[in-house]
Amino acid sequence: MNTASTDKAIKEAYEAGKIYKTSTICAHADRNSPEYARRQLWEKIELVRKHARPGRLVDLCCATGVHLIELADLSEDAVGIDFTAAFIEKAKTDAATAGLHNLRFMEGDAKAIPLDDGSVSTLYSFSALYVIPDLNKVISEVGRVLEPSGRCVLDLGNSRSLNTYCVSKYTELPPSFHLPLPTILKMLSDNGLSVVEHRAFQLLPLWADRPGWLWPLLHPKWKTLMGHRVRDRMIDEWISNLPGLKNFAFRHLIVAEKRS
C-alpha cells in the first residue's frame, strides 16, 4: 500500500470510530492520578506551559480539544487542528460550552497544516505523530508555520524500543510508524529546528500484555511504580534518561526552536 492509500485508510478508520471513539480519545491531565497515563499527560501539559511563547498557540492532531481547552489561558489565539470531523465538532461544542471564545478548531492534515508561513508562536502535538506515515513532511510543516524563535513540543516514538516491538507484533492498536531516535533528531535539524529540551519516557512498554516471555517486564504494577515521583520527576523518566538507556526509551518529548 502506498503512502496516499495508507493515509486514506487511516483517516477512514478514525472517521468511522474504528480506532478511537469521540468520547474516550482524550483524557484529562492529573498530576496525582493513580493512572500513569494521566500523570504523564500532566508532564506534557506543563512542558507546553514552560515553553509557550506569546502569540498563536496550535494543538496539532488535537482530537476533541481537551488539552487545548486546558491550555486556553496561554493565548488569545489558540487553534486546534485534526483530520477527523467528528473530533473537531465535539471540540467546538465543548469550547463553546466552556465559554472559550479564543479557541478555534479546524479540520486539517498534519502534513499540510492549513496555516500561513511563520504564523505560529507555539505548537505542540501529543500521542499522534508516531501514527502518521512520513514524519518528515509533518516536521517540515511544523518548521514552516513556526515563526523565528517559535517553539514546538513534539511527542515522538522511538522504533528502537520494547514498546515498538510489542505494539507491532502483539497488540491491536492503530498502525504505527515509529522511527529511530537519531533519524528523528536529524529530521528536526534538517527542517531548521534546534532542540532545547529533550525528555524520555517508557523504557518499558507499560501498556502491552504480550508476548508471554516478556511478562516480568509487562506486569501492570510497573505502571504504578513508574508513575511515582522522586524529586518532582516520575521514576519512569529518571530511568528512561539514564546514559545508555535513553536511546531505547519509546516516548521522547522534544522541545525545539525554529532557528532565526
Side-chain angles (χ1 to χ4, degrees), residues 1-11 13-14 19-20 37 40 43-44 47 58-63 81-83 109-113 123-146 151-208 214 236-237 239-259:
M1 185 180 291
N2 61 35
T3 301
S5 297
T6 301
D7 287 344
K8 185 173 183 291
I10 292 172
K11 180 174 173 59
Y14 273 89
I19 296 180
Y20 291 114
Q40 187 190 73
E43 301 283 355
K44 298 177 187 180
L47 197 59
V58 171
D59 183 339
L60 186 63
C61 308
C62 66
I81 300 171
D82 199 278
F83 71 171
D109 188 335
K111 293 188 287 187
I113 299 174
L123 179 148
Y124 66 91
S125 186
F126 298 158
S127 301
L129 300 187
Y130 43 75
V131 296
I132 299 176
D134 198 351
L135 178 63
N136 191 58
K137 283 188 177 180
V138 179
I139 301 298
S140 174
E141 279 292 278
V142 170
R144 178 184 67 79
V145 302
L146 280 177
R151 290 196 173 182
C152 57
V153 180
L154 305 179
D155 183 357
L156 300 161
N158 177 21
S159 63
R160 296 172 182 168
S161 63
L162 274 177
N163 184 79
T164 294
Y165 174 76
C166 293
V167 165
S168 63
K169 293 181 177 293
Y170 298 101
T171 72
E172 291 72 44
L173 292 173
S176 55
F177 305 90
H178 308 165
L179 294 170
L181 181 59
T183 301
I184 290 171
L185 295 174
K186 184 176 186 301
M187 282 182 182
L188 292 168
S189 180
D190 289 349
N191 285 289
L193 300 169
S194 298
V195 176
V196 297
E197 187 170 351
H198 180 179
R199 297 168 64 180
F201 297 82
Q202 286 175 243
L203 186 67
L204 299 180
L206 297 184
W207 278 275
L214 268 179
D236 176 32
E237 184 174 1
I239 293 174
S240 296
N241 285 274
L242 288 172
L245 296 183
K246 189 170 185 176
N247 286 338
F248 300 100
F250 167 65
R251 189 176 303 276
H252 290 261
L253 297 182
I254 299 179
V255 182
E257 183 174 286
K258 183 174 180 177
R259 293 192 287 270

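Throughout, residue positions are numbered sequentially from 1 according to the sequence presented. No experiment lies behind these values; they were computed from the predicted model shown.
For the pair Leu156 and Leu135, the minimum side-chain heavy-atom distance is below 4.5 Å. Two residues are said to be in side-chain contact when any heavy atoms from C-beta on lie closer than 4.5 Å; Leu146 and Leu123 meet this criterion. Using a 4.5 Å cut-off on side-chain heavy atoms (C-beta onward), Phe177 and Ile132 make no contact. Two residues are said to be in side-chain contact when any heavy atoms from C-beta on lie closer than 4.5 Å; Leu203 and Leu162 fail this criterion. With contacts defined as side-chain heavy-atom distances shorter than 4.5 Å, the pair Leu154/Leu188 qualifies. Using a 4.5 Å cut-off on side-chain heavy atoms (C-beta onward), Arg160 and Asn247 make no contact. For the pair Asp236 and Gln202, the minimum side-chain heavy-atom distance is below 4.5 Å. Residues Ile254 and Glu197 are not in side-chain contact: their nearest non-hydrogen atoms beyond the backbone lie 4.5 Å or more apart.
Residues passing the side-chain hydrogen bond (donor to acceptor under 3.5 Å, both in side chains) test with Asn163: none are found, sequence neighbours excluded. Applying the ring-ring contact (aromatic ring centres under 6.0 Å, His included) test to Phe248 and every residue at least two apart in sequence or in another chain returns nothing. Residues that satisfy the side-chain hydrogen bond (donor to acceptor under 3.5 Å, both in side chains) test with Glu43, not counting sequence neighbours, are Arg199, Arg229. Shown here are the side-chain hydrogen bond (donor to acceptor under 3.5 Å, both in side chains) partners of Asn191, two or more places apart in sequence or in another chain: Asn136. Residues that satisfy the ring-ring contact (aromatic ring centres under 6.0 Å, His included) test with Tyr130, not counting sequence neighbours, are His178, Phe250.
Using modelled atom types, no side-chain atom of Asn241 and backbone atom of Lys246 make a donor-acceptor pair closer than 3.5 Å. Between the side chain of Ser125 and the main chain of Leu60, a donor-acceptor pair closer than 3.5 Å is present.
Looking at Tyr124, Phe126, Phe201 one by one, the single match for side chain to side chain contact (heavy atoms under 4.5 Å, CB included) with Leu253 turns out to be Phe201.
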Residues Leu214, Cys166; criterion side chain to side chain contact (heavy atoms under 4.5 Å, CB included); working and verdict: CA-CA 9 Å; Leu214 268 179; Cys166 293; 4.0 Å; yes
Full working for side chain to side chain contact (heavy atoms under 4.5 Å, CB included) between Met187 and Ile184: CA-CA 5 Å; Met187 282 182 182; Ile184 290 171; 5.6 Å; no
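Here the closest non-hydrogen pair linking Arg259 and Ser189 is NH2-O, 2.7 Å. Among all heavy-atom pairs drawn from Val138 and Lys111, the shortest one is CG2-CG, 3.5 Å. Listed here is the closest heavy atom pair of Asn158 and Pro180: OD1-CA, 3.7 Å. Taking each heavy atom of Ser240 and Ala249 in turn, the nearest pair found is CB-CB, 3.9 Å. The two residues Ala110 and Glu141 make their nearest non-hydrogen contact at O-CB, 3.8 Å. When all heavy atoms of Leu193 and Ile139 are compared, the pair lying nearest together is CD1-CG2, 4.0 Å.
Listed by first then second residue, pairs satisfying salt bridge (charged side-chain N to carboxylate O under 4.0 Å, His left out) with a partner in residues 174-183 number zero, not counting sequence neighbours.
Side-chain contact of Lys44 with Ser127: a donor-acceptor pair under 3.5 Å is present, judged by distance alone.
In summary, Arg251 and Asp155 engage in a salt bridge, as defined by a charged side-chain N under 4.0 Å from a carboxylate O.
Taken to the nearest 0.5 Å, the NZ atom of Lys186 stands 14.0 Å off from the CG atom of Leu181. Note: Asp82 CG to Cys61 SG = 6.0 Å, rounded to the nearest 0.5 Å.
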